[in-house]
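Working notes, beginning with the structure itself.
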Amino acid sequence: MSISLSDQETCFSYLHETGEWRIYTNVKKHITKYTPLVKNPKTIQENGRVISIEGVLDNVTVSVYKKRKYDEKTRELMRKRMLKGEPYD
């Protein structure tokens with residue numbers, strides 16, 4: 001059984017007293033991505049499949065940034081550079 005999109009979530013919280021970042025997620029993509037970074041993850045399984053994880057992130061930095069938006073001209077220049085193997089940003 002899959003979790004409906006409206007019920008899927010990923011939550012990060014910072015515990016200032018201990019300096020630890022905690023995570024809870026039931027998003028399949030995030031379970032795959034973050035499980036290797038969690039110390040002793042608590043998992044919930046259904047039919048042998050992990051459907052959520054929770055735990056403390058081990059030795060990571062968490063950051064948030066604004067998503068970049070490029071105009072069409074810049075995207076075209078980036079495409080050309082990428083085809084040539086040049087850095088684009």
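Along the sequence shown, the residues carry numbers beginning at 1.
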Any carboxylate oxygen within less than 4.0 angstrom of a Lys/Arg side-chain nitrogen, looking at Glu46 and Arg49? no
Any side-chain hydrogen bond (donor to acceptor under 3.5 Å, both in side chains) involving residues 27-36? Give me the pairs, sequence neighbours left out, ordered by first then second residue. Thr10-His30
When rounded to the nearest 0.5 angstrom, what is the spacing between NZ in Lys42 and OG in Ser52? 11.0 Å
Side-chain contact, heavy-atom cut-off 4.5 Å: Glu9 with Asn26? yes
Same cluster or not: are Ile53 and Trp21 linked, directly or through other Ile, Leu, Val, Met, Phe, Trp or Tyr residues, by side-chain heavy atoms under 4.5 angstrom apart? yes
For side-chain contact (heavy atoms from CB on, under 4.5 Å), just list the numbers for Arg79 and Lys84, CA-CA rounded to whole Å, side-chain angles, deciding distance to a tenth of an Å, and then say yes or no. CA-CA 9 Å; Arg79 277 188 212 105; Lys84 291 180 182 179; over 6 Å; no
Quick one: which of Val38, Ile23, Thr25, Thr43 gives a side-chain contact (heavy atoms from CB on, under 4.5 Å) with Ile31? Thr25
Find the distance between NZ (Lys69) and NZ (Lys66) and round it off to the nearest 0.5 Å. 7.0 Å
Taking 4.0 angstrom as the limit, do Lys73 and Glu76 come out as a salt bridge? no
Keeping the roles fixed (side chain from Gln8, backbone from Ile3), state whether a donor-acceptor pair exists under 3.5 Å. yes
Can you find a heavy atom in the side chain of Arg75 that is under 4.5 Å from one in the side chain of Lys80? no
Heavy-atom check, side chain of Arg22 versus side chain of Tyr14, under 4.5 Å: no
If you group Ile, Leu, Val, Met, Phe, Trp and Tyr by side-chain heavy-atom gaps below 4.5 Å, do Phe12 and Leu15 land in one group? no
Residues, nucleotides or ligands: over 12 heavy atoms within 6.0 Å of Asn40 CG: no
Single hit among Val60, Thr61, Asn59 for side-chain contact (heavy atoms from CB on, under 4.5 Å) with Leu57: Val60
